[in-house]
Amino acid sequence: VVRRIIPPDQFSFPSGHTAAAFVMVGLMASSFPMAYPLMLFWGILIGISRIYLGVHYPTDIVAGAALGLFSAMIGKLGF
């Protein structure tokens with residue numbers, strides 16, 4: 001892995017940045033469904049940027065996206 005930035009720590013699973021992005025994607029999509037494709041594209045770009053910077057592996061990104069969408073779903077249910 002070529003690192004373009006220095007990671008803040010040695011642990012990268014799951015990607016917190018991607019999880020946060022996908023929480024926003026999930027929550028905003030419920031309020032603005034017409035903008036969902038654009039928001040999904042934005043979330044994917046955040047995940048790709050983490051791989052490009054060399055601080056995450058693709059599995060970190062997939063896990064972060066799943067965690068973020070699951071968290072958004074739980075948040076919409078009101079738990």
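Only this structure's heavy atoms are used, side chains among them; waters, hydrogens and symmetry mates stay out.
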Show the nearest heavy-atom pair for residues Pro14 and Gly64, with the distance to one decimal. CB-N, 3.6 Å
side-chain hydrogen bond (donor to acceptor under 3.5 Å, both in side chains): pairs with one or both residues in residues 39-49, sequence neighbours excluded: none
Can you list every side-chain hydrogen bond (donor to acceptor under 3.5 Å, both in side chains) pair that touches residues 16-36, not counting sequence neighbours?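 Only Ser15-Thr18, His17-Arg50 qualify under side-chain hydrogen bond (donor to acceptor under 3.5 Å, both in side chains).
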Linking directly or through intermediates, with side-chain heavy atoms under 4.5 Å: list the remaining ILVMFWY members grouped with Leu27, chain and number order.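 Via sub-4.5 Å side-chain contacts, Leu27 links to Val23.
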Within this structure, what is the [atom1]-[atom2] distance for the pair [X] and [Y], rounded to the nearest 0.5 Å?
| X | Y | atom1 | atom2 | result |
| --- | --- | --- | --- | --- |
| Phe22 | Leu40 | CZ | CG | 5.5 Å |
| His56 | Phe13 | NE2 | CZ | 11.0 Å |
| Ile61 | Ile46 | CD1 | CD1 | 10.0 Å |

Is [Y] reachable from [X] through a run of hydrophobic residues whose side-chain heavy atoms are each under 4.5 Å from the next?
| X | Y | result |
| --- | --- | --- |
| Met24 | Leu67 | no |
| Phe32 | Leu69 | yes |
| Tyr52 | Val55 | yes |

